[in-house]
Amino acid sequence: MRYCLTIAYEYPFLPKFYDEEIEAALTKVAMQIDKGSTATNPPRSNRVVFWDSHFLDNSGLTLQYVRALLKNGFEVLFIITSEKMIMRGLNLYEELSSNSNVTICVLPDSIDSTERIRFALYKIREFGPSKGFLHFTPWEIEGFCVFSTLDEVTRYFINLTDHAFWLGRKCSDYFFEFRNYGFYISKVLRDIPEEKLILLPFYPVFTKSNSSFQGFPFETADKIIGFGGGSLYKIYGDPDNTYLNAIKHVLERNKDFVFLFVAGGDERYLLKFIKENGLQKQFFYLRRRKDISAIFDNVHFYVDTYPMLGGLMVHYAVSKGVPLVGLMKPTLTWNSLSSFLNTNIVQSKASSQEFEAGIEELVHLSRQKGMNNRIEAYKNLIDTEQSFNLRFQLILNEDMKNNHHEIMGEFMDKDEFLSYYLTLENDYMKKFYSSKLSLLGQDALLGSLEDGLRTVAGVVVNYLYKKAQFL
């Protein structure tokens, strides 16, 4: 089941971004697992449960929502879905565990999924929350089963991966969207009624860990420093390699210009590009860094990712007033800075030539102004923690009329979207078999390569034949 969900997330073959059949089947499974259980404590209005499948420092929307809940006087039962995940979010764990209004529950790795679901249900009902917040990965089966049975809890789904398929439509009452595009997708491609959709843009979180500067691996004196980042897949999948080629051309013309890229993911293609083009002294790949906030304080400008727009990184840049430039495809207008930020003050370039020229212009302006090139007007484009908390409070008070939102002509060409993901896999990532075989268990992994690939092909063909209606 998890295997099929992962396919649906990573390769958008399905005509809709949800699977009614899988969610209905899992709901039946959940009811059987929960059969005979009774609530230990009745729901209390000042208590909530927060289920976090991500649990990463400097990633996701965990802190924005948990801080808002605590600010509004709630007691929080915070569920971490694996003991192994604690190491991924040590700073997050430290902040949560130091707050007396947060109770942390870690699901044991030593028991199977059925028992983990029962364990979580017991802990939740013992706590007695009135509301639940679902911060799911797209394939979160255990969380889905848990919340499918909790009808006594008002369930809010935090839509972090709004660009693709996810599991959770049938176990949620309301859905938080952070941008117009996600609102559009949930209404049109997930068939979620508009009255259940809540638009709540997020703000970037600044913490002690991401504000303590770790330095750069080069001498910064007399250098113009450009910056890009996010997930590496966001700069792959373009046959013309527009993003990296534009950076390369500007670097070649400006020897005092250096470019940094901070990201996680498959780095092989990027490292090969840097080496083959002799850019080792100007193009630096820094992998993942915890000091993201501090990096923005020490660069001259930001170059947004392409062909896929950045999310949190754009928010960081704007909140710091850092000049930025981006590019969009005319056929993917939702994937633009103006659409993402819901403003015309910041607009993506319409062609690769304009994009490259925009980067060059920022290099020249940075020579003239240095770090005094900040744009104060940018800082008003995104929510602050205070405005986020206030709107969040109104929503929880069921003042939904203040959250009415109309789709402003957002459109998605699903053929092109699918084509992008296929190109990404075939020409860049090439992770299909390795990542999917690991989901099939030890039998497939220990068998011969031929048998393993035949197993993968069989699962894919059967699933897609039954569900996909190829585009």
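By the 4.5 Å heavy-atom criterion applied to side chains, Glu140 and Thr81 are counted as neighbours. The shortest distance between side-chain heavy atoms of Phe227 and Tyr316 does not fall below 4.5 Å. Using a 4.5 Å heavy-atom threshold, the side chains of Ser148 and Leu26 count as separate. Counting only heavy atoms from C-beta outward, the side chains of Ser352 and Tyr306 never approach each other to under 4.5 Å. At a threshold of 4.5 Å between non-hydrogen side-chain atoms, the residues Leu199 and Leu197 do not count as touching. Within the 4.5 Å cutoff, side-chain heavy atoms of Thr220 are placed close to those of Phe218. Taking 4.5 Å as the limit, every side-chain heavy atom of Leu324 sits out of range of all side-chain heavy atoms of Val322. Contact annotation: the side chain of Leu271 never approaches that of Arg268 to less than 4.5 Å [non-hydrogen atoms, C-beta and beyond].
Side-chain contact of Ser186 with Glu177: a donor-acceptor pair under 3.5 Å is present, judged by distance alone. The closest side-chain donor-acceptor pair between Thr62 and His54, if any, does not fall under 3.5 angstrom. A side-chain donor from one of Tyr18 and Asp191 sits under 3.5 Å from a side-chain acceptor of the other. In this structure, a donor-acceptor pair under 3.5 Å is present between the side chains of Glu360 and Asn254.
Annotation: Phe147 is not in aromatic contact with Phe133 [ring centroid separation under 6.0 Å not met]. Taking the six-membered ring for Trp, Phe296 and Tyr302 have ring centres closer than 6.0 Å. With ring centers used as reference points, Tyr65 lies under 6.0 Å from Phe392. Phe259 has its ring centre less than 6.0 Å from the ring centre of Phe283. When ring centroids are compared, Phe301 and Phe257 come within the 6.0 Å threshold. Ring-centre distance between Phe284 and Phe216: not below the 6.0 Å cut-off.
Within a 6.0 Å radius of CD in Glu252, more than 12 heavy atoms belonging to other residues, nucleotides or ligands are found. The number of heavy-atom neighbours closer than 6.0 Å to CZ of Arg374, taken from other residues, nucleotides and ligands shown, is above 12.
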CA sep, side-chain torsions, deciding dist, call: Gln64, Val205, side chain to side chain contact (heavy atoms under 4.5 Å, CB included): CA-CA 7 Å; Gln64 286 90 337; Val205 169; 3.4 Å; yes

Between Trp166 and Leu160, does the side chain to side chain contact (heavy atoms under 4.5 Å, CB included) criterion hold? Intermediate values first, please. CA-CA 10 Å; Trp166 42 252; Leu160 179 62; over 6 Å; no

Let me see the working for Phe157 and Arg169 under side chain to side chain contact (heavy atoms under 4.5 Å, CB included), right down to the final yes or no. CA-CA 8 Å; Phe157 189 98; Arg169 178 176 171 272; over 6 Å; no

Tyr156 vs Tyr174, ring pair (Phe, Tyr, Trp, His ring centres under 6.0 Å): CA-CA, chis, key distance, verdict: CA-CA 5 Å; Tyr156 296 88; Tyr174 297 102; 5.6 Å; yes

Side chain to side chain contact (heavy atoms under 4.5 Å, CB included) evaluation trace for Val363 with Val250: CA-CA 9 Å; Val363 171; Val250 180; 3.9 Å; yes

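To the nearest 0.5 Å, atom NZ of residue Lys187 and atom NZ of residue Lys196 are 14.5 Å apart. Distance CG/Asn91 to CG/Leu63: 9.5 Å, rounded to 0.5 Å. Between Ile86 atom CD1 and Tyr93 atom OH the span is 5.0 Å, to the nearest 0.5 Å. Here the straight-line distance linking atom CD of Gln282 with atom NZ of Lys255 works out to 5.0 Å at 0.5 Å rounding. Put simply, OG1 on Thr242 and CG on Leu327 are 6.5 Å apart, with the number rounded to the nearest 0.5 Å. Phe78 contributes atom CZ, which lies 5.5 Å from atom CZ of Phe55 (distance to the nearest 0.5 angstrom).
With Ile79 as the partner, the side-chain contact (heavy atoms from CB on, under 4.5 Å) test is satisfied by one option alone out of Asp52, Val146, Ile104, Leu107: Leu107.
When atom types are taken as modelled, the side chain of Ser319 and the backbone of His315 share a donor-acceptor pair closer than 3.5 angstrom.
For the pair Glu356 and Arg253, the salt-bridge criterion is met [side-chain N within less than 4.0 Å of a carboxylate O]. Salt-bridge annotation for Asp109 and Lys84: absent, with no side-chain N of the basic residue lying under 4.0 Å from a carboxylate O of the acidic one.
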